[in-house]
Amino acid sequence: MARGRKNACAVNIAAWLVEVKHPDAEAYTRVNGLTTLTQAFSAKTEDGSAETDLWAEPIIQKRSGTVELTGTPLRDEVTGQQDPGQRMLTEYANWGGCDADFDIRISDQTGHCAVLRAVVEEIEDEVDEKGKRQMSWKLAQVGEPEFPAYVQAVGIDCPETVTVSTSGADALVPVAVLPADASNKRYRVHCKDAGRVIVTQLTETAFCLRGLVAGETIVTVKTVNNGISKDIAVTVTD
């Protein structure tokens with residue numbers, strides 16, 4: 001995310017990360033279910049030109065920023081609990097004074113991020129005639145944003161061997177991009193023999209393999225940043 005001025009620039013949220021936390025907390029909580037992210041910067045200016053000058057000479061007096069998030073409300077089907085990140089945003093909308101301050105980290109597809117202190121100024125909960133529900137949170141930036149240094153991926157940690165059955169449950173394969181604070185933790189999975197085993201789910205920290213035909217094959221895990229790869233020997237049993 002560049003430092004330049006952006007006027008209500010909407011971005012593709014699919015591969016972006018929006019995370020929030022209390023200023024005194026260490027861990028961020030991801031906000032899931034977002035469909036749009038709009039970040040805008042504006043400025044209060046004073047004209048420094050003479051009255052006889054044709055062109056104005058704006059002088060920046062104050063800068064401010066806003067973030068608007070919209071998304072589909074998410075709740076756990078079993079517990080009924082709201083998505084933790086969405087719940088935190090909604091809770092901050094009910095607080096006042098300095099207690100309403102929180103940190104938000106916005107990371108783009110490649111892991112470059114901006115960290116802002118913010119407050120929730122407005123929250124909207126809308127349901128249309130078809131019963132489709134959408135929520136939006138309008139945030140105001142508090143002070144200057146920070147742009148943490150980019151941490152390159154140097155390795156990938158995952159099992160060397162995995163066994164999965166054609167008649168059993170999918171095999172869960174944990175994956176960790178190294179170091180732990182790497183800016184871009186995205187990775188890709190390639191099955192050498194897609195007729196023998198396939199990937200059924202993929203998250204930031206793991207993926208699932210489903211066995212189709214008994215035998216042995218290779219599955220390759222590769223980081224998006226720097227293209228570091230590791231092969232996993234997969235055995236599929238009946």
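We use all heavy atoms of the structure for the numbers below, so side chains are in, but hydrogens, waters and symmetry mates are not. Counting begins at 1 with the first residue of the sequence.
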Inset, instruction - Kindly give the heavy-atom pair with the smallest separation between G155 and I228, and that separation in Å. - result: N-CD1, 3.5 Å
Legend entry - NZ/NE/NH1/NH2 to OD/OE distance under 4.0 Å, R75 and D83: no
Which pairs would a plain distance check flag for residues 162-170, meaning a side-chain donor or acceptor within less than 3.5 Å of a matching protein atom at least two apart in sequence or in another chain?
unit_1	atom_1	unit_2	atom_2	d
S165	OG	S167	N	3.1
S165	OG	S167	OG	3.2
S165	OG	G168	N	3.4
T166	OG1	T237	O	3.4
D170	OD1	R210	NE	2.9
D170	OD2	T200	OG1	3.0
D170	OD2	R210	NE	3.4
D170	OD2	R210	NH2	3.0

Inset, instruction - Would you check if the side chain of D193 reaches a backbone N or O of G195 as a donor-acceptor pair within less than 3.5 Å? - result: yes
Inset, instruction - Would you indicate whether the side-chain heavy atoms of R133 and D125 approach each other to under 4.5 Å? - result: yes
Legend entry - pair V154-P179: side-chain heavy atoms closer than 4.5 Å: yes
Inset, instruction - Could you state whether I106 and V119 fall into the same hydrophobic cluster, counting links through intermediate Ile, Leu, Val, Met, Phe, Trp or Tyr residues with side-chain heavy atoms under 4.5 angstrom apart? - result: no
Legend entry - S136 OG to L69 CG distance, which is reported to the nearest 0.5 Å: 9.0 Å
Legend entry - Check: N225/Q152 side-chain N/O donor and acceptor closer than 3.5 Å: yes
Legend entry - Polar side-chain atom of E126 near backbone of M135 as donor-acceptor pair, under 3.5 Å: no
Inset, instruction - Compare all side-chain heavy atoms of I59 with those of T45 and state whether any distance is below 4.5 angstrom. - result: no
Inset, instruction - Please identify each residue that fulfils salt bridge (Lys or Arg N to Asp or Glu O under 4.0 Å) with K185, with sequence neighbours left out. - result: none
Inset, instruction - Start with the C-alpha gap between E204 and L17, add the side-chain angles, then the distance that decides, and say whether side chain to side chain contact (heavy atoms under 4.5 Å, CB included) holds. - result: CA-CA 11 Å; E204 297 171 16; L17 289 177; 3.4 Å; yes
Legend entry - Side chains of V173 and P159 in contact at under 4.5 Å (non-hydrogen atoms): yes
Inset, instruction - Could you tell me whether a side-chain N or O of Q86 sits under 3.5 Å from a main-chain N or O of T72, the two making a donor and an acceptor? - result: yes
Legend entry - Single-linkage hydrophobic cluster V219~V199, side-chain heavy atoms < 4.5 angstrom: yes
Legend entry - Expected output: side-chain R196 to main-chain A214 donor-acceptor under 3.5 Å: yes
Inset, instruction - Would you confirm whether Y187, through its side chain, and A206, through its main-chain N or O, come within 3.5 Å as a donor-acceptor pair? - result: yes
Legend entry - Least distance between heavy atoms, C113 atom then P148 atom: O-CD, 3.6 Å
Inset, instruction - Quick one: pull up OG in S107 and CZ in R30 and give me the separation to the nearest 0.5 Å. - result: 9.5 Å
Inset, instruction - State plainly whether one hydrophobic cluster holds both L202 and I198, where clusters connect Ile, Leu, Val, Met, Phe, Trp and Tyr through side-chain heavy atoms under 4.5 angstrom apart. - result: no
Legend entry - Gap between atom OG1 of T36 and atom CD of Q134 - 0.5 Å precision: 6.5 Å
Inset, instruction - State whether the number of non-hydrogen atoms from other residues, nucleotides or ligands found under 6.0 Å of E160 atom CD is greater than 12. - result: no
Inset, instruction - Is it possible for you to say whether V189 and V236 belong to one hydrophobic cluster, with membership spreading through side-chain heavy-atom contacts below 4.5 Å? - result: yes
Legend entry - Full working for side chain to side chain contact (heavy atoms under 4.5 Å, CB included) between I156 and K222: CA-CA 8 Å; I156 190 165; K222 187 176 183 179; over 6 Å; no
Inset, instruction - Establish whether W16 and V20 are linked, either directly or via other cluster members, by ILVMFWY side-chain heavy-atom contacts under 4.5 Å. - result: yes
Inset, instruction - May I ask you to decide if N226's main-chain N or O and T223's side chain share a donor-acceptor pair within less than 3.5 Å? - result: no
Inset, instruction - Enter the distance from L172:CG to F207:CZ here, rounded to the nearest 0.5 Å. - result: 9.0 Å
Legend entry - Side-chain donor/acceptor of D47 to backbone N/O of E57, under 3.5 Å: yes
Legend entry - Sidechain-backbone polar pair: E68 side chain, T70 backbone, donor-acceptor under 3.5 Å: no
Legend entry - Shortest non-hydrogen contact from V120 toward L89: CG2-O, 3.7 Å
Inset, instruction - Would you check if H22 and F102 make a side-chain contact, meaning some heavy-atom pair closer than 4.5 Å? - result: no
Inset, instruction - Answer whether the closest heavy-atom distance between the side chains of V115 and I104 falls below 4.5 Å. - result: no
Legend entry - For the student: nearest non-hydrogen atoms of S183 and V151, plus distance: OG-N, 2.7 Å
Legend entry - Pairwise side-chain contact, L209 with V234, heavy-atom cut-off 4.5 Å (strictly under): yes
Inset, instruction - I would like to know whether T220 and D231 meet side-chain hydrogen bond (donor to acceptor under 3.5 Å, both in side chains); could you show each step before the answer? - result: CA-CA 4 Å; T220 301; D231 290 340; 2.7 Å; yes
Inset, instruction - Any side-chain hydrogen bond (donor to acceptor under 3.5 Å, both in side chains) involving residues 87-97? Give me the pairs, sequence neighbours left out, ordered by first then second residue. - result: T90-W137
Legend entry - 4.5 Å side-chain heavy-atom contact, V175 and T205: no
Legend entry - Contact summary for Q109 and R186, nearest pair of heavy atoms: O-NH1, 3.1 Å
Legend entry - Derivation and outcome, side chain to side chain contact (heavy atoms under 4.5 Å, CB included), residues I232 and I218: CA-CA 6 Å; I232 302 174; I218 296 294; over 6 Å; no
Legend entry - Option among E146, R117, E19 that satisfies the side chain to side chain contact (heavy atoms under 4.5 Å, CB included) test with D103: R117
Inset, instruction - Rounded to the nearest 0.5 Å, what's the gap from CD on E122 to CG on L139? Could you check? - result: 10.5 Å
Inset, instruction - List the atom of T29, the atom of G85, and the distance in Å for their closest heavy-atom pair. - result: CG2-N, 3.7 Å
Inset, instruction - Verify the neighbour count for atom NZ of K230: are there more than 12 heavy atoms of other residues, nucleotides or ligands below 6.0 Å? - result: yes
